[in-house]
2 protein chains.
Amino acid sequence: MTSDRHVVSIGLSAAIVAVADENPDVLIVKSGSDALPFGPFDPIAHRTLESGLRTWVGEQTYLELGYVEQLYTFGDRGRHTFKPGEGPRVVSVGYLALTRPTGEPKAPDTIWRSWYRYFPWEDWRTARPAVIADAIVPALQAFETAADAPALAEARRDRARLCFGLDGLAWDEEKVLERYELLYEAGLVAESARDGRTPADHAVRLGEPMMFDHRRILATAIARLRGKMKYRPVVFELMPASFTLLELQRTVEAISGVRLHKQNFRRLVEDQGLVEGTGKMSALTRGRPAELFRFRREVLRERPAPGVRLAPRRVV
Amino acid sequence: MTSDRHVVSIGLSAAIVAVADENPDVLIVKSGSDALPFGPFDPIAHRTLESGLRTWVGEQTYLELGYVEQLYTFGDRGRHTFKPGEGPRVVSVGYLALTRPTGEPKAPDTIWRSWYRYFPWEDWRTARPAVIADAIVPALQAFETAADAPALAEARRDRARLCFGLDGLAWDEEKVLERYELLYEAGLVAESARDGRTPADHAVRLGEPMMFDHRRILATAIARLRGKMKYRPVVFELMPASFTLLELQRTVEAISGVRLHKQNFRRLVEDQGLVEGTGKMSALTRGRPAELFRFRREVLRERPAPGVRLAPRRVV
DNA sequence: CCATTAATACTCATTATGAGTATATATGTA
DNA sequence: TACATATATACTCATAATGAGTATTAATGG
């Protein structure tokens with residue numbers, strides 16, 4: 001049934017995320033270009049893919065992973081650098097893992113980096129990122145014009161509008177992967193030329209590139225986390241045992257990339273029973289001291305889909 | 001980097017779904033026990049996993065797949081029947097595919113079957129399925145009692161409550177996989193004993209079993225479709241070019257397994273701009289003739305997340 | 001003392017949702 | 001023909017959820 005021509009090897013990659021100082025950090029291995037921690041799956045040693053991942057991530061990064069979620073399995077030829085003849089084809093399984101901030105990583109050549117370094121157009125917390133109007137919109141317009149059929153041009157135009165919220169359409173913070181794939185197809189990220197998809201003479205190189213298809217995996221991870229957060233209390237995997245409501249809000253904002261309405265956020269989070277006051281006060285604030293809250297685990301037993309639905313603030 | 005001990009072979013399985021006569025049918029291959037169409041991924045012939053899937057599904061079932069979505073990659077040892085020594089370990093990638101009803105399948109040993117045959121507890125359209133009160137609740141109670149620690153017993157109790165909507169909790173039609181996994185762990189499905197997870201002398205064998213981990217893949221497919229339908233117009237992949245609003249509603253109900261409030265469903269679907277009237281009337285109804293509608297493709301360019309959010313009917 | 005910063009408590013309009021009622025238009029049959 | 005039955009479609013109405021504030025309180029640093 002399974003002859004030799006069918007064998008592949010499986011690579012496991014993890015987007016390991018922590019939020020520190022209001023930045024959504026991802027663990028990066030510096031090996032030439034930036035890479036996600038990754039390693040081969042050993043079918044003899046490990047019963048499941050996830051246990052394989054946990055093991056070598058532990059060995060390689062000295063991190064104990066808490067929350068782990070499988071994202072997607074990528075098998076595209078041409079988006080992985082292993083050349084034909086160098087052994088079996090690699091199929092990569094991407095994972096999202098959450099952890100609390102740890103300070104400097106203990107493993108060599110490993111650092112925490114804000115994911116907005118790789119996706120500068122995704123951070124709308126202070127303002128609409130300038131790169132959108134300055135570089136993305138004109139480049140996508142050129143991509144539209146370069147289409148060899150009117151229907152294709154229109155389709156490209158529609159994609160651009162929906163992905164980047166043009167012509168008054170709303171910005172959808174969950175469309176991270178759609179945006180990256182559009183930029184990839186339009187030849188606006190370095191990986192696109194590297195994979196031979198577009199000529200190497202393009203001028204626009206948006207965001208920091210990553211090794212193999214790791215930026216695509218990271219885009220998938222961000223999108224999944226932004227969505228999941230709204231109906232599962234996963235943010236608390238990133239928080240310390242007690243925190244102020246503003247700290248919680250800043251964490252949600254760091255991930256979603258948008259600012260929220262403070263009073264409504266508080267109402268939401270309390271009415272849903274996601275947190276409970278500890279009675280203690282935070283000492284480290286500037287204004288009026290805030291109460292420290294903790295995650296109410298019981299919410300998992302009460303509500304079918306408890307999460308931090310976003311209550312965005314009007315754009316000022 | 002990738003030595004021989006790391007090679008595996010990849011199996012692709014597809015839950016191919018069509019709705020006919022108000023039944024959510026899935027394409028089944030009869031080969032001993034019921035199986036999903038599956039085949040090995042050939043890394044030499046195919047550029048992507050999805051193109052590999054489309055090719056051999058086309059060859060094996062004579063179906064042209066329209067909508068295809070990757071579900072999950074399972075690598076568990078012990079949930080796949082291939083024994084050690086029989087070649088490389090198989091990692092299976094599950095897919096969901098949607099198609100319009102085709103009548104009898106053309107491929108040999110292939111039939112359409114309602115998915116509720118495998119998940120009888122998931123069909124709440126006429127009433128709460130009797131199997132829940134008759135078999136599931138008592139068996140899960142026994143499973144709770146059999147726990148060797150009070151904390152474990154309580155955790156099992158909570159899972160049962162949340163999964164099956166006990167003690168007045170709401171039924172969440174999306175928790176299909178959670179329910180199946182709970183029944184699997186509790187030894188209440190045939191696969192559990194087959195995999196050696198539970199003693200073979202258990203009396204309860206809920207639903208029709210499937211080969212390998214195919215029932216788990218199907219559970220994942222149902223859950224994904226039930227969720228996705230609410231924010232993406234995927235139902236229309238299952239509908240003919242024109243249809244009455246009741247036909248559309250019956251399709252949504254077949255998938256979700258719950259009855260909807262007719263007037264509110266109509267309001268939702270029209271206000272969202274998901275459909276538009278064709279001006280023609282349906283001839284095949286019993287009561288007052290209904291207008292025929294068609295899917296408004298433009299909705300994809302207008303709304304960020306158009307879908308059929310469920311407006312459930314009060315349980316009578 | 002007061003400007004600044006943040007926390008927390010309320011208010012209010014608008015929209016979305018759930019559950020109907022009312023009426024219209026077919027078919028089949030007494 | 002009249003009416004029972006089955007749908008389709010149009011409206012209504014109360015309640016809940018959401019978005020956008022205003023108002024008040026409590027700290028710190030000159």
Side-chain angles (χ1 to χ4, degrees), chain A residues 22 170-171 173 230-231 242-253 256 258-294 303-316, chain B residues 22 170-171 173 230-231 242-253 256 258-294 303-316:
Chain A
E22 307 188 3
W171 171 259
E173 78 282 343
K230 292 173 188 163
Y231 59 93
S242 71
F243 45 82
T244 69
L245 292 185
L246 188 58
E247 286 163 356
L248 181 64
Q249 183 183 336
R250 292 290 181 240
T251 303
V252 172
E253 289 173 340
S256 68
V258 295
R259 284 264 172 250
L260 306 180
H261 184 285
K262 187 171 174 172
Q263 298 93 318
N264 290 348
F265 178 82
R266 155 186 292 272
R267 174 178 65 187
L268 184 98
V269 115
E270 288 194 295
D271 288 2
Q272 290 239 50
L274 283 167
V275 297
E276 62 189 352
T278 62
K280 293 182 195 148
M281 301 306 252
S282 165
L284 307 154
T285 54
R286 274 210 282 190
R288 174 175 167 179
E291 187 173 1
L292 288 168
F293 289 78
R294 75 167 74 90
R303 301 188 146 254
V308 193
R309 296 203 295 291
L310 303 190
R313 207 188 51 173
R314 191 173 58 84
V315 181
V316 197
Chain B
E22 307 188 5
W171 172 259
E173 78 282 343
K230 292 172 187 164
Y231 60 93
S242 71
F243 44 83
T244 70
L245 292 184
L246 188 58
E247 285 164 355
L248 181 64
Q249 182 182 336
R250 292 289 180 240
T251 303
V252 172
E253 290 174 339
S256 67
V258 295
R259 284 264 173 249
L260 306 180
H261 183 284
K262 185 170 175 174
Q263 298 93 319
N264 291 347
F265 178 81
R266 153 185 294 271
R267 174 178 65 186
L268 183 98
V269 114
E270 288 194 296
D271 288 2
Q272 291 239 50
L274 283 166
V275 297
E276 61 189 355
T278 62
K280 293 181 194 149
M281 300 306 252
S282 164
L284 308 153
T285 52
R286 275 211 281 189
R288 174 175 166 179
E291 188 174 2
L292 288 169
F293 288 77
R294 75 167 74 91
R303 302 188 146 254
V308 194
R309 295 204 295 293
L310 304 189
R313 208 187 50 174
R314 192 172 60 82
V315 183
V316 198

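Here is the naming used below: chain letters follow the sequence lines, and residue numbers restart at 1 for every chain. Everything quoted here is computed from the prediction, not taken from an experiment.
- Atom CG of A:Asn264 and atom P of C:dA13 are 16 Å apart (whole Å).
- Residue A:Phe265 contributes atom CZ, which lies 16 Å from atom P of D:dA20 at whole-angstrom precision.
- Separating the CD atom in B:Gln249 from the OG1 atom in B:Thr251 is a distance of 10.0 Å, to the nearest 0.5 Å.
- A distance-only check finds no donor-acceptor pair linking the side chain of A:Gln272 to the backbone of A:Pro306 [under 3.5 Å].
- Contact annotation for A:Leu246: backbone-only contact, meaning every heavy-atom pair under 4.0 Å involves sugar-phosphate atoms and none involves a base.
- In this structure, A:Arg250 atom CZ and C:dA7 atom P are separated by 8 Å, rounded to whole Å.
- Shown are A:Glu247, A:Glu253, A:Arg250; of these, the side-chain contact (heavy atoms from CB on, under 4.5 Å) with A:Glu22 is made only by A:Arg250.
- No hydrogens or angles were tested; on distance alone, nothing pairs the side chain of A:Glu270 with the base of C:dT8 as donor and acceptor under 3.5 Å.
- A donor-acceptor pair is defined here as one N or O able to donate and one able to accept, closer than 3.5 Å; no such pair exists between the side chain of B:Glu291 and the backbone of B:Lys280.
- Rounded to a whole Å, the CZ atom of B:Arg288 is 6 Å from the P atom of C:dT25.
- Comparing B:Thr244 and B:Arg267 by the nucleotide of DNA chain D whose heavy atom lies nearest to each, the residue mapping closer to the 5' end is B:Thr244.
- Under 4.0 angstrom from either OP1 or OP2 of D:dT28 there lies no side-chain N or O belonging to A:Arg286.
- The CD-P distance, from A:Glu22 to C:dA6, rounds to 10 Å in whole Å.
- Backbone-only engagement by B:Glu291 is indicated by non-hydrogen atom pairs under 4.0 Å involving sugar-phosphate atoms exclusively.
- In this model, the phosphate group of C:dT8 is not approached by any side-chain N or O of A:Lys262 to a distance below 4.0 Å at OP1 or OP2.
- The separation between B:Asp271 atom CG and D:dC11 atom C1' is 13 Å, rounded to whole Å.
- Distance, B:Met281 CE to C:dA24 P: 15 Å, rounded to whole Å.
- Remark: C1' of D:dT25 and CZ of A:Arg266 are 12 Å apart, rounded to the nearest angstrom.
- Between the CZ atom in B:Phe265 and the CG atom in B:Leu248 there is a gap of 4.0 Å [rounded to 0.5 Å].
- The side chain of A:Ala290 lies closest to C:dT8, out of D:dG19, C:dT8, D:dT9.
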